[in-house]
Amino acid sequence: MKYEKIEINEEFIRLDSLLKFSGLAETGGHAKIIVQNGQVKVNGQVCTMRGKKMRKGDKAEYDGCTVEVV
């Protein structure tokens, strides 16, 4: 399982942007599809809102990989 920390300097980053920035999604379109299909978990819960605001301490999981916002 891959675990990565992504540092942000803003208040939040959108879930689809986080997936794209971290490399878990190849493109923004790919991020949109995997989120809408219920393949992404946020803090352990399935999330289908691609615009979900991810703040420091939040974790996104997809395909055996976890990304934490720091």
Quiz item: Atom SG in Cys47, atom CD in Gln39: separation rounded to 0.5 Å?
Solution: 13.0 Å

Quiz item: Atom CG in Asn43, atom CD in Glu68: separation rounded to 0.5 Å?
Solution: 9.0 Å

Quiz item: More than 12 foreign heavy atoms under 6.0 Å from CD of Glu26: is that the case here?
Solution: no

Practice problem: Search all heavy atoms of Gly28 against all heavy atoms of Lys20 and return the closest pair with its distance. | Solution: N-CD, 3.7 Å

Quiz item: Between Ser22 and Leu19, what is the shortest heavy-atom contact and its length?
Solution: OG-O, 3.2 Å

Exercise. Kindly write out the residues that satisfy side chain to side chain contact (heavy atoms under 4.5 Å, CB included) with Thr27, not counting sequence neighbours, or none if the list is empty.
Key: His30

Quiz item: Roughly how far, to the nearest 0.5 Å, is CZ of Arg50 from CG of Asp16?
Solution: 5.5 Å

Practice problem: Inspect the surroundings of OH in Tyr62 and state if more than 12 heavy atoms from other residues, nucleotides or ligands are less than 6.0 Å away. | Solution: yes

Quiz prompt | Nearest heavy-atom neighbours spanning Leu24 and Cys65 | solution = CD2-CB, 3.4 Å

Quiz item: Among all residues two or more places apart in sequence or in another chain, which pass the side chain to side chain donor-acceptor pair (under 3.5 Å) test with Glu10?
Solution: none

Quiz item: Are Phe12 and Leu18 connected in a single hydrophobic cluster, I mean Ile/Leu/Val/Met/Phe/Trp/Tyr linked by side-chain heavy atoms less than 4.5 Å apart?
Solution: no

Quiz item: Out of curiosity, Lys59 NZ to Lys5 NZ, how far, rounded to the nearest 0.5 Å?
Solution: 8.0 Å

Quiz item: Closest heavy-atom contact between Gly38 and Val46?
Solution: O-CG1, 3.6 Å

Self-check item: Salt-bridge contact Lys2-Glu4 (side-chain N to carboxylate O under 4.0 Å)
Solution: yes

Practice problem: Drop me the distance from Asp63's CG to Ile34's CD1, to the nearest 0.5 angstrom. | Solution: 8.5 Å

Exercise. Report yes if some heavy atom in the side chain of Thr66 is under 4.5 Å from a heavy atom in the side chain of Glu61; otherwise report no.
Key: yes

Quiz item: Does Val42 reach the side chain of Met54, with side-chain heavy atoms less than 4.5 Å apart?
Solution: yes

